[in-house]
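Please read the structure below before turning to the comments.
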Amino acid sequence: VIRAGTVFIPIYVVKQKLFPSLPAVQIDQVLQEYKVELRPTTLSEEKQLTDLQLKSCPSKLKKLLSLKQLPVIYPDLLNLYWCDCAKNRLALPRELKVTNSIAEYVL
C-alpha cells in the first residue's frame with residue numbers, strides 16, 4: 001500500500017510470510033520494543049488487500065507497517081527465527097526468552 005509517498009506492508013506479510021514459525025507474541029514484543037506503530041488500513045486499502053490474497057486474513061493482521069521500519073526490526077526478527085530453528089532442530093527442552101532485543105536460551 002502506498003500512502004502519501006510512503007510504502008506500507010500489512011503486518012500479515014511479516015507474521016505469516018516472512019516468519020511463519022515464530023509465535024506472533026514474539027514478533028509483537030519486538031515491535032513494542034522498537035515502538036513501531038502499526039497504522040490501520042482505510043476501507044479502500046482494506047478492500048484492495050482483500051481483493052489480492054488476504055481474503056481470510058483478520059483485520060488486525062491488515063494493519064500496516066512502514067517499509068522503512070522493516071530494516072530496523074528485521075535483524076531482531078531474524079535472530080529470533082534463527083534461535084527458534086536451532087531450538088527445534090536440536091530438540092532441546094529450552095525456552096526462548098526475549099530480552100533487550102536479543103533472543104536468549106534459558107535452561
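Because only heavy atoms are used, hydrogens play no part in the values below, and waters and symmetry mates are left out as well, while side chains stay in.
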Are K47 and L43 close enough, and set up right, to give a side-chain contact (heavy atoms from CB on, under 4.5 Å), and what steps lead you there?
CA-CA 6 Å; K47 183 180 180 330; L43 291 175; over 6 Å; no
Do you know which of I11, D76, L77 makes side chain to side chain contact (heavy atoms under 4.5 Å, CB included) with L31?
I11
Apply the side chain to side chain contact (heavy atoms under 4.5 Å, CB included) test between Y12 and each candidate in L49, L61, L64, L18; give the one that qualifies.
L61
Atom pair CG (D28) and CD (Q32), whose distance is rounded to the nearest 0.5 Å
6.5 Å
The salt bridge (Lys or Arg N to Asp or Glu O under 4.0 Å) partners of K60 (sequence neighbours excluded) come to none
Rounded to the nearest 0.5 Å, what separation is found between the CG atom of L65 and the CD1 atom of I9?
5.0 Å
Atom pair OG (S66) and CZ (R39), whose distance is rounded to the nearest 0.5 Å
7.0 Å
Point-to-point distance, once rounded to the nearest 0.5 Å, from CG of L80 to CH2 of W82:
11.5 Å
Are R3 and E45 within salt-bridge range, i.e. N to O under 4.0 Å?
yes
Is the shortest side-chain heavy-atom distance between L70 and V14 below 4.5 Å?
yes
K62 side chain to T50 side chain, donor-acceptor N/O pair below 3.5 angstrom
yes
Hydrophobic cluster identity match, L22 and V25, side-chain contacts under 4.5 Å:
no
Heavy-atom distance under 4.5 Å between the side chains of N88 and D84, does that happen here?
yes
Could you go step by step and tell me if I73 and I27 meet the side-chain contact (heavy atoms from CB on, under 4.5 Å) rule?
CA-CA 9 Å; I73 63 171; I27 294 172; over 6 Å; no
T41 vs K63, side-chain contact (heavy atoms from CB on, under 4.5 Å): CA-CA, chis, key distance, verdict
CA-CA 6 Å; T41 54; K63 289 190 176 186; over 6 Å; no
Can you sort out the partners of F19 under ring-ring contact (aromatic ring centres under 6.0 Å, His included), two or more places apart, ordered by chain and number?
Y74, Y81
